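These notes are about the structure you will find just below.
On a predicted model such as this, the values are computed, not experimentally measured, just so you know.
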Amino acid sequence: AQLGRIDEALETLAEAEAVAGQSSDARLAAWVRFYRARAFLVAGRAKEALNEAVEALGEARAVQDRALSASINALSARASLAAGQLRTALACSERARAELDALGGGAEDEGEIFVARVEALRAAGRTEEAEQIRRRGAERVRELAARIAHPDWRARFVDGPEAHRALLA
């Protein structure tokens, strides 16, 4: 989806959704919805991203996947900002941050969670708070990177994800 091949990504996700349904794998179904919502957001289809994220969040909660719930709330915050819904973006990004804090980390998209909160706070004019969250996110990226022994993989972790680059900027 990041390379602009949204239709292809959506087709693949439809296949994954069929597998999830056939195998009654609710966790896979929640992840499929999450990635579909992300694809919609990348394609500039914010309202569709929000609708899909709402469904994904329900499924993530049903399987009690708090890390996925945190990631979905962060995605919902970014989609809400794209749709011009600042209050919703602030609420979703706060939920994502609180879930991440409760987990003590470990969400797949920790950087995205921090960035979603920073973007929502900046959009609300709360720049000092946004900068505090950005610094906290940057410190977390550095902390996780320090655990990666191989220098090339460590550099990929730091420089690869857009969220990590944004936090470290």
Item to check | Results of side-chain contact (heavy atoms from CB on, under 4.5 Å) for E11 - residues two or more places apart only | outcome: none
Checklist entry - Looking at residues at least two apart in the chain, or sitting in another chain, which of them share a side-chain contact (heavy atoms from CB on, under 4.5 Å) with V63? => result A26, R27, D65
Checklist entry - Are R122 and E119 within salt-bridge range, i.e. N to O under 4.0 Å? => result no
Checklist entry - When you check the gap from the basic side-chain N to the acidic O, do R135 and E131 get nearer than 4.0 Å? => result yes
Where [X] and [Y] come nearest, the two heavy atoms and their spacing:
X: E59; Y: A30; value: OE1-N, 3.2 Å
X: R33; Y: A56; value: CB-CB, 3.5 Å
X: R134; Y: A166; value: CD-O, 4.0 Å
X: A53; Y: A37; value: N-CB, 3.9 Å
X: C92; Y: S76; value: SG-CB, 3.8 Å
X: S69; Y: A60; value: OG-CB, 3.6 Å

Next on the checklist: Who clusters with L103? Use side-chain heavy atoms, under 4.5 angstrom, across I, L, V, M, F, W and Y, and order the result by chain and number.
Outcome noted: none
Checklist entry - By the rule that ILVMFWY residues connect when side-chain heavy atoms come within less than 4.5 angstrom, directly or transitively, which residues belong alongside V118? => result L81, L86, L90, L100, I113, F114, V115, L121, I133, V141, L144, I148, W153, F157, V158, L167, L168
Partner residues of [X] under the side-chain hydrogen bond (donor to acceptor under 3.5 Å, both in side chains) criterion, sequence neighbours left out:
X: N51; answer: none
X: E143; answer: R140, R147
X: R165; answer: none

Interatomic distance, [X] atom [atom1] to [Y] atom [atom2] [nearest 0.5 angstrom]:
X: E110; Y: E112; atom1: CD; atom2: CD; value: 11.5 Å
X: L75; Y: S93; atom1: CG; atom2: OG; value: 12.5 Å
X: E52; Y: R38; atom1: CD; atom2: CZ; value: 13.5 Å
X: R36; Y: I6; atom1: CZ; atom2: CD1; value: 13.0 Å

Sequence-distant partners of [X], salt bridge (charged side-chain N to carboxylate O under 4.0 Å, His left out), two or more places apart:
X: R156; answer: none
X: R87; answer: none
X: E108; answer: none
X: E99; answer: none

Item to check | Partners passing ring pair (Phe, Tyr, Trp, His ring centres under 6.0 Å) against F34 (at least two apart in sequence or in another chain) | outcome: W31
Would a 4.5 Å heavy-atom cut-off, applied to side chains only, mark [X] and [Y] as touching?
X: R136; Y: R117; result: no
X: L50; Y: V54; result: no
X: H164; Y: D159; result: no

